[in-house]
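What follows is a single structure, written as structure tokens, with notes after it.
Note: hydrogens, waters and symmetry copies are ignored here, and every other heavy atom, side chains too, is used. Each chain gets a letter, A, B and so on, in the order the sequences are listed, and its residues count up from 1.
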Amino acid sequence: MSAAPDPLVRWSIGAADAERLLAEAAKVRGESLWSDAWRRLRRNRVAWWCLLFLAAFTLTSVLAPLLPIPSPVQIELNALLLPPAPPWQEFGGRGFTTEAFWDLGAVDRGMLGLRQWIFGDWQTGHWLGTDAKGRDVLARVIWGSRTSILVALAAALCSLLIGVTYGATSGYLGGRADNLMMRIVDVLYSVPFIFVVIFLITIVNEYRRTLQDYYGINREVVFYVVIGAIYWLTMARVVRGQVLSLKNSEFIEAARVIGASTRRIIFLHLVPNVLSIVIVYLTLTIPAVMLFEAFLSFLGLGIEPPKVSWGLLAVDGVEAVSPLYVQWWLVFFPAAAMGGTLLALNFLGDGLRDALDPRLRGKD
Amino acid sequence: MSAPLLSVRDLHTRFRLRGGLFRRSASWLYAVNGVSFDLMRGETLGLVGESGCGKSTTARTIVGLCRAASGSARLGDVELTRLSRRRWLPVRRRIQMIFQDPYASLDPRQTVGSILAEPLRIHGLATRREVKLRAMALLDAVGLNPRHIYRYPHEFSGGQRQRIGIARALALEPELIICDEPVSALDVSIQAQILNLLKDLQTRFRLSYILISHDLSVVRHLCDRVAVMYLGKIVETAPRQTLFAEAAHPYTRALLSAVPIPDPTLEAKRRRIVLAGDVPSPAAPPPGCPFHPRCPERARVAGDRCALEAPLLAARAAGGAHACACHLSETTD
């Protein structure tokens with residue numbers, strides 16, 4: 001076998017063939033899994049609108065201090081329990097102050113300053129009504145979404161990074177390693193997290209000064225850490241189960257025969273193949289986390305007033321429910337915001353799963 | 001004669017059979033139970049036997065997918081059975097495998113191009129630019145359109161997928177390819193194409209094959225030498241012509257008599273050897289000759305020798321290539 005001198009053709013692929021292939025190679029252009037998925041996601045109208053909705057919603061919540069909405073914590077005693085007034089009735093007026101705000105971060109303070117510089121003390125009217133203390137519902141829903149989105153992000157990241165890696169590694173290694181890793185998960189599972197939260201928050205309250213001043217640990221940090229610690233567990237189990245069923249398939253053996261490392265097999269072959277289940281599960285996790293946040297805040301373990309979260313809004317709503325007066329806006333708007341977000345997340349998850357499956361390519 | 005490319009000696013592979021959760025006493029399944037053979041450079045060795053006889057496990061042990069319990073498999077001067085993971089890596093370039101099921105052996109989330117690029121990347125055989133070209137050249141070599149590198153496996157037919165599997169095995173330019181039932185999942189019309197492709201590639205790239213099959217006509221088409229396995233052991237090995245013309249082991253004869261003849265008149269006339277019973281469980285192989293409970297010619301051996309003494313794989317004529325593990329064959333010699 002005379003090998004051609006061309007470095008590209010170590011074996012006996014003739015030089016003429018090589019030239020022909022070079023010409024061919026210039027003609028074909030491929031698409032990566034991700035760009036292809038993106039293109040197909042855009043074609044899925046429902047998922048695309050849900051993505052836009054979520055993006056807009058996230059942007060609103062991030063930029064909340066910039067918006068000319070009333071302060072979410074400003075108590076107006078002459079405007080208690082006002083029903084919603086649409087913009088065409090009462091567009092807005094003066095009266096914005098930053099007095100009642102909790103300690104905001106530097107970025108938020110900057111944005112508030114910018115808002116005051118742009119809009120002065122002008123603010124929108126109470127478009128979605130006010131609550132029992134005369135605070136604006138719209139402002140509270142928007143500011144409250146910040147907590148919910150942050151919690152959802154924390155849980156999603158933990159699920160994705162820790163849960164998927166842990167589960168895939170455990171499933172692929174099998175044997176004793178798998179046994180040990182899964183028993184750790186079982187132990188963490190069996191811990192009643194409500195008590196852990198109560199315990200940790202008591203500690204944080206007790207040593208508030210040291211912890212907060214020296215380490216910057218406050219209740220919210222504890223809150224996010226605990227939520228992150230819980231929500232990767234189920235993901236790890238789900239992924240492990242999937243990996244167990246995949247790891248003996250021939251394409252994994254083929255990868256081993258060509259010399260792929262364990263890490264390569266896990267992250268390049270196993271994880272992409274369980275991705276559809278991961279995404280579906282993630283879209284189920286995020287609502288659960290948001291509800292968990294609401295639940296903890298409802299119990300008084302999560303976010304502390306005067307800060308707002310959707311959970312606290314639910315508390316306000318429940319308190320306002322009375323058989324004599326129906327203050328529906330206190331319940332309806334926070335619930336609608338949450339419901340809309342969760343619905344959009346579900347549709348988006350569905351669309352993502354389809355878009356990431358190359359077997360469905362060309363069928364939409 | 002030159003040294004063999006691959007020489008397997010007394011290879012054993014066993015699997016632990018699980019009892020209950022807390023049961024400590026494990027029983028073993030002896031999948032490969034003392035297999036020995038040599039493979040010359042450029043040769044094709046057929047490994048035949050019915051399902052469950054350990055032919056796939058033999059292959060998987062050689063390429064390191066299963067751990068050998070004992071014995072040796074030497075590729076040139078490298079001992080394969082005791083290689084660490086890191087030491088395996090360079091050896092992977094010399095020995096590759098083609099899998100049975102073309103629908104399961106390709107990662108459904110990867111394009112054909114990245115499937116073919118993976119071995120090149122792992123072994124650092126091509127730069128970024130070259131990878132695409134090498135992948136296209138590989139597709140070309142197995143008779144597929146090189147433009148298809150950006151397609152996904154599900155867009156191909158079974159035969160085309162098997163060609164992709166072959167291309168992946170070729171990517172590392174190996175000396176030896178183990179084909180584990182490469183055509184048994186395919187249509188008969190496609191089988192011939194794949195077998196011819198394997199034959200062409202062998203002459204073009206000077207490959208050696210171990211071809212595992214339960215289909216004797218496939219073996220007849222491609223192999224230079226055939227080894228017949230039964231219950232984890234090789235019972236007979238012979239050059240192709242010899243095996244098909246003058247099989248010595250009763251099991252081989254029974255296998256050969258089961259191959260259908262495409263002529264109905266001949267088919268009606270010939271005598272079939274129908275074996276009684278099933279293959280014994282490899283977890284509890286029978287003592288003596290593993291084939292003795294089903295052997296139709298057992299009566300010809302004096303006494304209980306078959307049940308007591310395991311026959312050795314012995315050359316029928318001195319220095320001959322035809323070896324058989326049967327007490328009968330020893331006496332006829």
Do any of residues 172-185 of chain A have a heavy atom less than 4.5 Å from a heavy atom of chain B, and if so, which, in residue order?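 The stretch does not come within 4.5 Å of chain B.
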
When only heavy atoms count and the cut-off is under 4.5 Å, which of residues 245-269 of chain A reach chain B?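 Those residues of residues 245-269 of chain A which have a heavy atom under 4.5 Å from chain B are A:Glu250, A:Phe251, A:Glu253, A:Ala254, A:Arg256, A:Val257, A:Ile258, A:Gly259, A:Ala260, A:Thr262, A:Arg264, A:Leu268, A:His269.
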
Side chain from CB out, backbone as N, CA, C, O: work out which of these in [X] comes under 4.5 Å of a heavy atom of chain A, or both, or neither.
X        : value
B:His123 : side chain
B:Leu106 : backbone
B:Asn145 : side chain

In this structure, are over 12 heavy atoms from other groups packed under 6.0 Å from B:Phe156 atom CZ?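 More than 12 heavy atoms, drawn from other residues, nucleotides or ligands, come within 6.0 Å of this atom.
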
If you count heavy-atom pairs within less than 4.5 Å of chain A, which of B:Gln96, B:Glu118, B:His148 leads?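 Looking at each of B:Gln96, B:Glu118, B:His148 in turn, B:Glu118 comes out on top.
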
Using a cut-off of under 4.5 Å on heavy-atom pairs, state which of B:Ser114, B:Pro119, B:Gly64 scores highest against chain A.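 The answer is B:Pro119.
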
Say you draw a straight line from CD of B:Gln110 to CG of A:Asn273; how long is it, rounded to the nearest 0.5 Å?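 Answer rounded to 0.5 Å: 8.5 Å.
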
